[in-house]
Engineer: 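If you scroll down you'll find the structure; I have some questions about it.
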Amino acid sequence: MLPRLFTIIGFVFFPVWAISQTCPSLVSPVEGETNVAVDETIFWQPVENVPSYQIRLGTAPGLDDLGFASVGNATSFTPPLGLPENTEVFVTIILDFLFGGNEDVVCSSKSFFTESVTTTPDCTQLRAPQNGSTEVSVFTNLTWNYAPRATGYSVTLGTTSGSGDIVNDLDVGNTLSFLPPGQLPPNTTIYVQITPYNTIGDATNCQEFTFETRDVAPLPGCTTLISPSNGSTNVPLTPLLEWISVPGATGYEVSIGTTPGSVDILDAARFFTNSTFVIDFESNRTFFITIVPFNESGLAVGCNQESFSTSLGCGPFFDPNSGEIVNFFPEIDFPSVFSFCENAASLLVEGPNGVDGYRWFSLDQFGNETLLSEDNTVNLTSNGLYRLEAFNLASPDGTTTECPVFFDFEVVPSELANIDNLRIQESPAGLQVTVEVSGIGDYEYAVDNPEGPYQDSNVFSGLSPGNHIFYVRDKNGCGIVQRDLDQGLTLEGFPKFFTPNGDTINDFWQFVQPLGGNPIVLQSIQIFDRFGTFLKQIDQNSAGWDGTFNGNPLPSGDYWFKAVDDENRMVQGHFALKR
């Protein structure tokens, strides 16, 4: 969501967060690379929170004798006239924070070495007028594409193929445009030959282009931005664009882009007055605008591109005092899930602290919003999808704007857990207790302390003998339940060994009721061998197990038991049979 409109003339920093600024490295060509093509495109790493870049190309660090450009938020630059051969080229990247002053960060220069050109240049293509065009103004300007490895161009114009009767093999230097002297013959086919050259020689077999002129009629001149003026910063996000009215113009073609030459915002839109509103520019960006007057004779020739930068909005932007990036947006966390506990009348959800305002919305299945509250809390009465908008207010120049962040969250049903059983098992490290629960909530577990620590696993190992209290907490806030480990059912009372040898001493293995405490009532006692094979189930009131299976005596060794009491609590352990 775009920030609301405000213009920053002077400002005070109220940072919500800040980070130190770093300069980018060259991606291609890399620093120190040799034999780089003279038509190379230069790429660098993007830097987070930097709204715009400038680039200088020079024969020494920091110089721009080989070119200078503002490229918006692009992270690449193709020198429009190529690079000189056999030269160390220094690249200086400038982090442009759109203040129009010394607050920009000028990074240290990186260099590479260009190739030695050994071949003639490629041919070029006529850009305007396009090859085969008709109804071309007699005052037209010729433009063409850069030819790789070219260091200059010669131009021939004639009214017949190859004649050169208008301009004959004129060296126009290292440029990509040419305005013919005077006016071209009206209603005539014009033949154009553009020959790139370099120190090796001329391009060969290049195409001859043609276009047809129309009747003589005066073209309008170019115009200039009035508001915002060329190079302006802190321009409002919904500005009135206004330019000088041009005599003889019936309209204006306006193109706007976020990088030089681009038209991603507006592509040759036609206006018949010298002003227009543009709605909701993105904040803290540079925009490049070209306005070309036109009339019935055609478009004005040679009109320049201008630029301006929008207001800083909520940031991020650069603080020249601290050398840091500043942002007015809230930096907060908010849960993605809340629970609507069973039997609750409503759920009170509280917004995070440290922000200036709140808006709560319910969302339907299509994502449509319905405003519920603008307080720091909201009462919800049903499960479903919701959205919180939390915002800070920024007033850098006395005009207040909202800087929002958005959190979508879900309200789901939940309830307290029901502890069904505590399953106890002996292990070499102590008791192992498994807490068995039921319920629709999302639960976590703790032992002996209702404050935790809590764990996702319902298994506790290495517990010492004695009484323990187990706690089960609903993760979504519906509460905590607890249950004691009743020591009436422990390994106490189950013998560690027996000796079924017929001497009437320890001939049977059987549970012995511990002294003291409440009597333990067992539903069953089951006995297994070490492979888990069921051998016998005995009653606690019987004599016990005599160490046989199907009437046959079993060998000495370890055997296992599982006992379940009348409250469905279970304990497991092992004992030894000795003969």
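In what follows, residues are counted from 1 in the order of the sequence shown.
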Engineer: Would you say the side-chain atoms of Thr310 pair up with the backbone N or O of Arg285, donor to acceptor, closer than 3.5 Å?
Structural biologist: yes
Engineer: With a 4.5 Å limit on heavy-atom distance, are the side chains of Phe178 and Leu157 in contact?
Structural biologist: yes
Engineer: Determine whether Val263 and Ile256 make a side-chain contact, defined as any pair of heavy atoms from C-beta on separated by less than 4.5 Å.
Structural biologist: no
Engineer: Thinking salt bridges, do Lys110 and Glu33 make one under a 4.0 Å N-O criterion?
Structural biologist: no
Engineer: Return yes if some donor-acceptor pair links the side-chain N/O of Asp96 with the main-chain N/O of Gln54 below 3.5 Å, else return no.
Structural biologist: no
Engineer: Kindly indicate whether the side chain of Val91, heavy atoms from C-beta on, has any atom under 4.5 Å from the side chain of Ile42.
Structural biologist: yes
Engineer: As a quick check of understanding, evaluate side-chain contact (heavy atoms from CB on, under 4.5 Å) for Leu240 and Ser275, giving each step before the final call.
Structural biologist: CA-CA 7 Å; Leu240 173 67; Ser275 65; 4.1 Å; yes
Engineer: Please determine which of Thr22, Val27, Leu26 meets the side-chain contact (heavy atoms from CB on, under 4.5 Å) test together with Gln45.
Structural biologist: Val27
Engineer: Relative to each other, are the rings of Trp360 and Tyr358 parallel, tilted or perpendicular (30° and 60° limits)?
Structural biologist: parallel
Engineer: If you define the side chain from C-beta out and look only at heavy atoms, does anything of Pro84 sit under 4.5 Å from Leu66?
Structural biologist: yes
Engineer: Looking at Asn368, I'd like to know if its CG atom is crowded, meaning that more than 12 non-hydrogen atoms belonging to other residues, nucleotides or ligands lie closer than 6.0 Å.
Structural biologist: yes
Engineer: Are Phe287 and Ser309 packed together at the side-chain level, in the sense that at least one heavy-atom pair is separated by less than 4.5 angstrom?
Structural biologist: no
Engineer: Output yes when a side-chain donor or acceptor of Ser52 lies under 3.5 Å from a complementary backbone atom of Asn73, and no otherwise.
Structural biologist: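 Not a single qualifying donor-acceptor pair exists.
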Engineer: Measure across Ser307 and Asn230 and return the closest heavy-atom pair with its distance rounded to 0.1 Å.
Structural biologist: N-OD1, 2.9 Å
Engineer: May I ask you to decide if the ring planes of Phe407 and Phe334 are parallel, tilted or perpendicular, using 30° and 60° as cut-offs?
Structural biologist: tilted
Engineer: Give a yes-or-no answer on whether the side chains of Ser161 and Glu208 include a donor-acceptor pair shorter than 3.5 Å.
Structural biologist: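 Glu208 and Ser161 do have a side-chain donor-acceptor pair below 3.5 Å.
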Engineer: Say you draw a straight line from CZ of Phe391 to CG of Asp356; how long is it, rounded to the nearest 0.5 Å?
Structural biologist: 7.5 Å
Engineer: Please find the pair of heavy atoms, one from Ala147 and one from Thr124, that lie closest to each other, and give the distance.
Structural biologist: CB-CB, 4.2 Å
Engineer: Give the minimum heavy-atom separation between Val246 and Tyr252, together with the two atoms involved.
Structural biologist: N-OH, 3.0 Å
Engineer: Taking the side chain as every heavy atom from C-beta outward, state whether Trp44 and Tyr53 have any pair of such atoms under 4.5 Å apart.
Structural biologist: yes
Engineer: Okay, side chain of Thr213, backbone of Asn187: is any donor-acceptor separation there less than 3.5 Å?
Structural biologist: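 Here the side-chain-to-backbone pair exists.
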Engineer: How many angstroms lie between atom CZ of Arg387 and atom CG of Asp408, to the nearest 0.5 angstrom?
Structural biologist: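 Interatomic distance, Arg387 CZ to Asp408 CG, rounded to 0.5 Å: 4.0 Å.
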Engineer: One pair to check against side-chain contact (heavy atoms from CB on, under 4.5 Å): Leu142 and Leu179. What are the steps and the verdict?
Structural biologist: CA-CA 6 Å; Leu142 304 183; Leu179 181 62; over 6 Å; no
Engineer: So how far is it from Ile166 CD1 to Thr156 OG1, rounded to the nearest 0.5 Å?
Structural biologist: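 It is 11.0 Å, given to the nearest 0.5 Å.
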Engineer: Set out, in order, the CA-CA distance, both residues' side-chain angles and the distance that settles side-chain contact (heavy atoms from CB on, under 4.5 Å) for Thr140 and Phe211, then state yes or no.
Structural biologist: CA-CA 11 Å; Thr140 192; Phe211 60 85; 4.2 Å; yes
Engineer: Could you report the tightest heavy-atom contact between Gly58 and Asp65, atom names first, then the distance?
Structural biologist: CA-OD1, 3.0 Å
Engineer: Using a distance-only test with no angle check, is there a side-chain donor-acceptor pair under 3.5 angstrom linking Asp264 and Thr258?
Structural biologist: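 Yes, side-chain donor-acceptor contact under 3.5 Å.
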Engineer: Do Arg270's NZ or CZ and the ring of Phe294 fall within the cation-pi criteria of under 6.0 Å and 45°?
Structural biologist: yes
Engineer: Side chains of Glu85 and Thr114: donor-acceptor distance under 3.5 Å anywhere?
Structural biologist: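 Side chains of Glu85 and Thr114: no pair found under 3.5 Å.
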Engineer: Under 3.5 Å, is there a donor-acceptor pair between the Ser154 and Asp169 side chains?
Structural biologist: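 On atom types as modelled, these side chains qualify, holding a pair under 3.5 Å.
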Engineer: Would you check if the side chain of Thr223 reaches a backbone N or O of Ile244 as a donor-acceptor pair within less than 3.5 Å?
Structural biologist: yes
Engineer: For the residue pair Phe409 and Tyr386, categorise the inter-ring angle as parallel (less than 30°), tilted (30 to 60°) or perpendicular (more than 60°).
Structural biologist: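 Taking Tyr386 first and then Phe409, their aromatic rings lie parallel (interplane angle under 30°).
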Engineer: Under the criterion salt bridge (Lys or Arg N to Asp or Glu O under 4.0 Å), I'd like the reasoning laid out for Arg149 against Glu115: C-alpha separation, chi angles, the key distance, then a yes or no.
Structural biologist: CA-CA 10 Å; Arg149 302 181 303 282; Glu115 65 183 339; over 6 Å; no
Engineer: Classify the side-chain pair Asp171/Tyr153 by whether it contains a donor and acceptor separated by less than 3.5 Å.
Structural biologist: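 Not at all, the side chains of Asp171 and Tyr153 share no donor-acceptor pair under 3.5 Å.
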Engineer: Do you know which two heavy atoms are closest between Thr143 and Leu126, and how far apart they sit?
Structural biologist: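 Distance-wise, the nearest heavy atoms are O-CD1, 3.3 Å.
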Engineer: For Ile194 versus Cys206, what's the shortest heavy-atom pair and its separation?
Structural biologist: O-CB, 4.2 Å
Engineer: Once you round to the nearest 0.5 Å, how far does OG of Ser116 lie from CG of Asn86?
Structural biologist: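 Between atom OG of Ser116 and atom CG of Asn86 there are 3.5 Å.
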Engineer: If you measure from OH on Tyr197 to CG on Asp202, what distance do you get to the nearest 0.5 Å?
Structural biologist: 9.0 Å
Engineer: If only side-chain N and O atoms count, and only distance matters, is there a donor-acceptor pair under 3.5 Å linking Asn295 with Thr250?
Structural biologist: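 No.
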Engineer: Tell me whether Lys475 is salt-bridged to Asp456, with the criterion being a basic N under 4.0 Å from an acidic carboxylate O.
Structural biologist: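 Looking at Asp456 together with Lys475, the answer is yes, because their closest N to O distance falls below 4.0 Å.
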Engineer: Checking side-chain hydrogen bond (donor to acceptor under 3.5 Å, both in side chains) for the pair Ser229/Ser232: CA distance, chi angles, key distance, verdict?
Structural biologist: CA-CA 6 Å; Ser229 60; Ser232 293; 2.8 Å; yes
Engineer: Using only atom types and a distance under 3.5 Å, with no angle test, would you say the side chain of Asp64 pairs donor to acceptor with the backbone of Gly67?
Structural biologist: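 Not at all, since once roles are kept as given, no pair shorter than 3.5 Å links the two residues.
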Engineer: With a 3.5 Å distance limit and no angle check, can you tell me whether Glu402 reaches the backbone of Asn392 through a side-chain donor-acceptor pair?
Structural biologist: no
Engineer: Is a side-chain donor or acceptor of Thr188 paired with a backbone partner of Pro186 at a separation under 3.5 angstrom?
Structural biologist: yes
Engineer: So how far is it from Ser25 OG to Ile93 CD1, rounded to the nearest 0.5 Å?
Structural biologist: 10.5 Å
Engineer: Side chains of Leu388 and Phe361: does their closest heavy-atom pair fall under 4.5 Å?
Structural biologist: no
Engineer: Are any non-hydrogen side-chain atoms of Glu135 and Glu212 less than 4.5 angstrom apart?
Structural biologist: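 No, side chains not in contact.
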Engineer: Between Asp375 and Val378, is there a donor-acceptor pair closer than 3.5 Å when you use the side chain of the first and the backbone of the second?
Structural biologist: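 Not confirmed, Asp375 side chain does not pair with Val378 backbone.
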Engineer: When Ser109 is tested against each of Thr92, Leu63, Val89, Leu57 for side-chain contact (heavy atoms from CB on, under 4.5 Å), which residue passes?
Structural biologist: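 Passing option: Thr92.
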Engineer: Which is it for Leu95 and Cys107 under the side-chain contact (heavy atoms from CB on, under 4.5 Å) test, yes or no, and what are the steps along the way?
Structural biologist: CA-CA 8 Å; Leu95 310 184; Cys107 298; 4.1 Å; yes
Engineer: Step through the shown structure and confirm whether more than 12 heavy atoms of other residues, nucleotides or ligands are within 6.0 Å of CD on Gln183.
Structural biologist: yes
